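Quick note on labels: first sequence line is chain A, next is B, and so on, each numbered from 1. Owing to the predicted nature of the structure, the values given are computational and were not obtained by experimental measurement.
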Amino acid sequence: MAASKIKKVGVFVCHCGVNISSVVNIEKVVEAVSKLPEVTVARDYKFMCSTPGQELIGKEIKEQGLERVIVAACSPLLHEETFRRVLVKSDLNQYFFQMVNIREQDAWVTADKDKATQKAIALISAAVKRVQTHEPLPKREVDVDPNVLVIGGGIAGIEASLQIADAGHKVYLVEKQASVGGHMAQFDKTFPTLDCAACILTPKMNSVGFHPNIDLMTYSEVVDISGYIGNFEVTVRKNPKYVDYEKCTGCGVCMEKCPSKVSSEFDEGLVERKAIYTLFPQAVPNKPVIDAKNCTYLTKEKCGVCQKVCEAGAINYEDKEELVKVKVGSIILATGYTFAKPDVLKDYGYGKLDNVLTALEFERLNNAAGPTDGEITLKDGSKPQSVAILHCIGSRDKNYNEYCSKVCCMYSLKFAHLVREKTGAEVFEFYIDIRSPGKAYEEFYTRIREEDVHLIRGKVAQVTDVPVTDDEKGKLVVIGENTLTAQRVRVPVDMVILSTGIESNKDAADMSRLVKVATDKDGFFIERHPKMAPIETASAGIFIAGTCAGPRDIPETVASAQGASSLALKLISKGKVEIEAATAWIVEELCAGCKLCISMCPYKAIEFDEKKKISVINEVLCKGCGTCAATCPSGAAKARHFKDEQIFDEIEGVLSL
Amino acid sequence: MPTTSELMKFAAPMLEMAQTVVEAKGEELKLCYQCGTCTSVCPWGNLKDFNPRKLIEMIRLGFEGFEDDSWKCVNCKLCWDKCPNQINIPQIFQSVRSILLAWNACPPELNIALTSLRDEGNPWQESKEKRDEWTKDFPVPAYEQGTEYLLFSCCTNDYDPRNKKDIKAVVEILNMAKVNYGYIGNKEVCCGDIALSAGENEGYGMLSNKNLEIFRELAVKKILTISPHCLNAFKNRYEFNEGEEVQSSHLVQTYAKLIEDKVLEPKGEIKNKVTYHDPCYLGRHNDIYDEPRFIINSIPGIEFVEMNNIRENSFCCGGGGGGCWLETVKGERLGDLRVLEAVETGAEVIITACPYCVQMLEASILGLGIDEKIKVRTVSELLLSSLKNEEL
Amino acid sequence: MSEEPRIVAFLCNWCSYTGADLAGTSRIKYSHNVRIIRVMCSGRIGMSFILKALSKGADGVLICGCHPGDCHYQEGNDKALRRYIMLKNMITQFGIEPERIRLEWVSASEGDRFAKIADEFTEQIKKLGPLNWKESESVVKGSAV
């Protein structure tokens with residue numbers, strides 16, 4: 001670019017209430033940047049992102065004839081879009097804008113006020129230099145594919161799928177397991193209303209199974225995602241079921257006759273299932289799959305009973321995995337959670353002592369469709385006389401998960417109620433704090449107290465079967481402190497329920513890589529903003545619903561699923577979406593045709609023009625990472641909006657003070 | 001006639017007190033959310049009303065009444081390991097103790113040991129010149145520059161008649177295995193663990209500096225400890241300079257290696273039923289659980305049984321954290337519980353690897369009058385008996 | 001000012017810049033000397049950026065990208081790593097201590113780690129002292145890497 005005259009810059013410094021101004025001396029900053037030759041006007045305002053703030057910028061653009069705009073405020077990840085829109089409204093190209101992060105990366109991280117002020121001035125100076133070479137980039141708009149992919153068929157995925165499908169759009173619902181339903185299908189009653197989980201979930205599961213707009217892919221996994229908002233291409237691997245669902249009538253004879261038994265994961269190992277199985281009797285689809293690892297025919301080519309008894313001829317031992325490609329405009333992640341099984345369980349005798357159960361095991365034991373038909377019994381079949389429920393097992397514990405799992409207090413109170421109701425046993429509930437913030441939750445807590453549940457404030461340290469008194473013989477002894485009386489207590493009981501917490505899925509990191517949505521330190525997906533964009537993610541067009549974003553109860557999960565579906569529908573209803581214009585290009589005259597960039601481009605977006613003997617970038621495929629620009633030995637490859645000279649200017653600027 | 005205000009009882013926060021503790025390295029107490037795990041696991045809870053959780057709350061708000069109990073903690077580390085907030089609770093008590101010491105509010109018997117530490121470099125009220133007396137008729141190689149290991153003997157082994165037996169066993173084994181080691185005799189001073197535990201930071205600083213000076217002067221690279229308390233001081237507390245590569249290890253680690261390499265071959269049968277008591281400073285503080293068990297199991301003829309509370313959940317003898325130097329009334333001795341637990345396994349010998357544990361457990365055995373039933377031996381004594389084909 | 005080290009940090013938009021933002025939202029204080037420049041991908045950080053920074057008065061340069069396998073652009077961080085290794089050799093030949101540049105992987109959830117790295121690196125650069133490398137511009141442009 002030829003040396004041109006200085007572009008008029010307006011600098012707008014935000015106080016962010018006192019978030020910035022309590023550390024950064026705004027007055028000094030404005031004074032300093034006003035002196036820069038490029039700066040025509042420098043203003044500050046309490047909340048630059050507010051309507052008056054935006055209007056202030058718009059007014060100055062018009063009145064001063066500003067050619068470039070800088071806002072020094074929070075992170076661009078938060079409000080870059082907001083301010084770009086202000087420019088567009090004021091008839092300036094949105095790329096004539098630069099945001100300077102003086103909140104997250106200055107005011108909030110710098111202890112010394114003078115240094116913070118100095119840093120703010122340096123960062124703004126860098127932007128002032130940088131914007132001089134900003135170029136107007138055209139809007140890039142693409143059509144939105146109206147199909148939606150939902151990953152995970154628990155209550156979150158079910159709800160999101162139904163909302164979108166009912167609105168008339170196609171949904172691909174991919175579920176890893178052989179049936180939809182997720183964890184909710186394992187529960188019997190739900191707090192605080194105590195309505196049965198199956199009664200409220202099964203109708204929805206059925207709707208998903210039969211909805212004309214939902215392509216349900218169970219026993220399947222997403223293995224690849226490419227593309228971008230509006231235009232994702234997704235590869236789904238359908239794992240072999242060895243049962244032809246077109247032919248299978250779901251009669252169940254195969255499951256009856258199969259001789260091979262393995263521990264049932266759905267029933268938390270409390271009972272066994274067959275090698276050909278449905279997850280549970282109400283499974284959707286209600287057709288079996290063969291667990292290849294445990295099928296005698298598939299492992300040793302012996303048996304073959306299921307094939308012999310299947311009158312429909314649906315058993316197909318030759319079934320192979322199948323890769324299916326689908327195109328969608330947005331993706332909803334509803335991959336759920338796992339119940340934690342922390343090492344600390346051994347301190348509570350889990351795995352060693354009988355009748356020490358995890359929460360999920362108790363859910364199955366208590367489930368009307370579970371291994372005991374819903375009777376709460378000890379391993380020997382008798383009814384417990386006394387039960388201890390221990391809160392915060394592996395939660396609120398820096399040795400395991402530091403966070404509160406949010407649902408355990410309430411489900412533990414629910415357990416107490418169910419034990420009292422079904423067995424009349426004495427219930428001792430050990431808690432640190434009872435957390436019951438939710439509609440009708442506190443009232444439920446009151447009800448439990450009225451039901452003579454013995455609440456003891458203190459965390460249990462140990463469960464042992466070594467007695468010290470006659471009363472303790474043959475019992476499980478729970479040892480903790482009643483912190484309210486400051487006494488160490490030993491309570492002999494028949495059954496111990498460990499209230500284990502919610503943990504991110506074991507494969508959260510793989511899923512994170514697949515969908516390019518970062519996870520937090522605990523493996524939960526990070527929302528675009530914890531408060532203002534809790535369903536969106538940093539990856540445009542990918543939304544999160546339910547517990548894959550953190551511990552949530554059923555109402556919250558359903559609400560977030562409805563939120564995610566509404567965001568997906570918003571995209572569909574708009575039909576078009578604007579995408580980042582900052583792609584790369586190659587200056588023909590400078591390109592020597594060495595093809596280095598072609599080998600480095602992760603998106604195969606660069607082709608070689610055999611006639612001209614130069615490289616050419618396909619801008620539709622280019623994602624703007626800039627690797628080619630960093631690689632090109634002749635400086636021919638350029639990254640728009642991140643050109644060498646722009647970064648160089650920024651370097652000089654940040655080093656100026 | 002009293003005034004109304006004289007009759008009214010209440011606690012008022014004294015936040016200055018709390019702040020003082022925080023400033024004396026007790027800042028982690030702020031994290032406590034009062035779950036009571038520490039109280040549940042604390043060994044004292046089995047014997048008396050001792051409540052670390054409540055003490056932390058009192059300290060945090062500066063309520064009076066925590067002072068006397070603050071000397072009880074034996075730094076067994078069980079509470080710290082189990083605390084969901086990972087609070088170093090023993091450190092909080094050390095911080096409180098440092099303040100109480102400054103107010104001269106230290107139990108008198110502990111004060112005697114601390115004074116002896118300052119004056120003579122050992123807690124036994126013995127002259128510093130007499131440290132190496134046991135070597136008069138029992139030659140031990142002197143440490144010189146270039147010797148591989150410095151054998152750090154520990155005051156208790158140098159001065160206490162019972163423990164002298166143990167160190168002699170150590171020397172015999174090391175000689176048999178031709179380990180290149182040396183002893184520094186009267187140049188050694190206490191590692192300072194007791195001073196540190198008692199909150200006597202100045203004394204600790206003096207002692208640790210003296211030892212550090214000697215280590216530097218003799219260019220020591222490897223230290224072999226007999227007491228896990230010395231090991232812990234060197235490994236986790238001493239402030240070595242950056243680049244000073246001093247490796248500290250415990251004897252049981254050396255023995256295990258020598259047995260594995262077949263340098264030592266314990267062939268003599270020991271026909272006893274034994275159990276092993278994990279010293280807190282060897283186990284929980286330094287994660288050494290397997291080596292002593294490996295050594296015991298390598299002895300032919302031995303019958304090894306475990307107690308209920310072992311390894312990470314081992315039950316303290318009561319000797320750590322300065323506990324060895326405190327008077328404890330009968331019926332309130334942690335060692336008693338541990339000894340009885342051992343007896344209940346049917347063992348005739350408790351094997352252990354710490355001079356304080358030896359002291360505490362033997363005192364409990366005598367106190368309980370069961371010295372016919374059970375005795376205490378160190379890992380070194382056990383190993384030597386087998387090597388020499390003698391009775392344990 | 002001479003005793004205050006000057007450090008330029010290049011952060012990728014997706015992981016590291018978000019991580020640095022998290023340090024802010026978590027209110028973790030770190031060295032003010034670290035000045036952040038955002039790029040879309042660590043793969044965009046060419047050698048010329050680093051040489052430019054050093055020639056313009058930076059005493060140290062920090063490069064942060066997504067952890068291996070987590071790159072938003074598939075493998076830009078891998079390219080950053082290869083370039084970094086080469087660059088270390090190169091600046092050594094210019095007589096610059098290789099410790100003045102540092103590459104770290106910082107994920108979006110590692111705010112505390114970013115702050116720690118920023119502080120550690122500042123300390124390291126303080127120990128090395130000021131650089132004062134005013135190589136002619138031609139090196140920067142001519143190197144064209």
Side-chain angles (χ1 to χ4, degrees), chain A residues 74-78 101 103-112 115-116 118-119 122-123 126 509 512-513 516 518-524 526 530 538-539 580 582 600 602-603 623-635 639 641-642 644 647-648 650-657, chain C residues 1 4 6 8-10 12-15 17-41 43-49 52-53 56-58 66 69-76 79-80 83 107-110 112 115 118 140-141 144-145:
Chain A
C74 52
S75 170
L77 302 180
L78 214 60
N101 187 341
R103 194 178 74 171
E104 283 85 347
Q105 296 182 4
D106 187 13
W108 281 351
V109 293
T110 313
D112 184 313
K115 301 291 182 201
Q118 205 178 66
K119 184 172 173 182
L123 293 177
S512 162
R513 272 172 206 161
K516 301 263 183 282
T519 53
D520 63 20
K521 65 178 177 22
D522 301 311
F524 295 112
I526 300 178
S539 293
E580 195 55 47
M600 295 296 257
Y603 298 102
K623 303 270 187 303
C625 68
T627 302
C628 55
T631 308
C632 179
S634 63
H641 210 52
F642 290 91
D644 281 359
I647 304 290
F648 288 171
E650 218 175 333
I651 292 169
E652 267 188 63
V654 296
L655 290 170
S656 65
L657 250 185
Chain C
M1 277 275 284
E4 283 278 1
R6 306 207 286 175
V8 176
F10 294 100
C12 86
N13 179 63
W14 301 96
C15 297
Y17 194 86
T18 315
D21 272 1
L22 181 62
T25 41
S26 315
R27 310 297 199 275
I28 306 167
K29 305 284 179 271
Y30 61 84
S31 161
H32 64 91
N33 309 73
V34 175
R35 305 279 159 85
I36 294 167
I37 292 177
R38 177 169 72 129
V39 289
M40 293 315 280
C41 177
R44 173 68 188 99
I45 305 162
M47 293 200 188
S48 57
F49 291 7
K52 184 76 172 187
K56 286 292 174 187
C66 306
D70 289 350
C71 177
H72 191 82
Y73 300 103
Q74 298 182 7
E75 52 200 20
K79 282 152 196 159
R83 224 175 265 142
S107 81
S109 61
E110 293 177 324
D112 48 350
V140 175
K141 278 192 182 134
V145 272

So for C:C71, is it side chain, backbone, both, or neither that comes closer than 4.5 Å to the heavy atoms of chain A? backbone

Output for pair (C:Q74 CD, A:Y603 OH), nearest 0.5 Å, gives 5.0 Å

Audit row: A:Q105, C:Y17, side chain to side chain contact (heavy atoms under 4.5 Å, CB included) steps and yes/no: CA-CA 9 Å; A:Q105 296 182 4; C:Y17 194 86; 3.3 Å; yes

Name all residues meeting the disulfide (SG to SG under 2.5 Å) criterion together with A:C74; count only those two or more places apart in sequence or in a different chain, and write none if there are none. none

Please state whether the side chain, the backbone, both or neither of A:D106 comes within less than 4.5 Å of a heavy atom of chain C. neither

Greatest number of heavy atom pairs closer than 4.5 Å to chain A - which of C:A108, C:A23, C:G69, C:G76: C:G69

In the structure I gave you, are the side-chain heavy atoms of A:I651 and C:F10 within less than 4.5 Å of one another anywhere? yes

Is the side chain of C:K79 donor-acceptor paired with the backbone N or O of A:T627 at a distance under 3.5 Å, no angle test? no

Please determine, among C:K29, C:M40, C:E110, the option with the most heavy-atom pairs under 4.5 Å with chain A. C:K29

Distance from A:K115 atom NZ to C:S31 atom OG, nearest 0.5 Å? 10.0 Å

C:R83 vs A:T631, test: side chain to side chain contact (heavy atoms under 4.5 Å, CB included). Steps then yes/no. CA-CA 9 Å; C:R83 224 175 265 142; A:T631 308; 3.4 Å; yes

Checked C:V34, C:V8, C:I37, C:I28 vs chain A; the most non-hydrogen pairs under 4.5 Å come from C:I37

Value for NE2 (C:H72) from CZ (A:R513), rounded to nearest 0.5 Å, stands at 15.0 Å

Among C:N33, C:I36, C:T18, single out the residue with the greatest number of heavy-atom pairs under 4.5 Å to chain A. C:I36

Would you name the heavy atoms of A:V109 and C:G24 that are closest together and state the gap between them? CG1-CA, 3.5 Å

Measure the CG-CG distance between A:N101 and C:D21 for me, rounded to the nearest 0.5 Å. 5.0 Å

Please report the shortest heavy-atom distance between A:K623 and C:Y73, naming the atom on each side. O-CE2, 3.7 Å

Distance from A:I526 atom CD1 to C:L22 atom CG, nearest 0.5 Å? 7.0 Å

A:T519 versus chain C, the contacting section by heavy-atom distance below 4.5 Å: backbone

Of A:H641, A:R103, A:E650, the largest count of non-hydrogen pairs under 4.5 angstrom with chain C goes to A:E650

Between A:L123 and C:R35, the two heavy atoms sitting closest are CD2-CD, 4.3 Å

Residues in side-chain contact (heavy atoms from CB on, under 4.5 Å) with C:A80, at least two apart? C:S42

Minimal heavy-atom distance between A:A639 and C:R44, with the atoms involved, is CB-NE, 3.6 Å

Heavy atoms only: give me the nearest A:C625-C:C41 pair and the separation to one decimal. O-CB, 3.5 Å

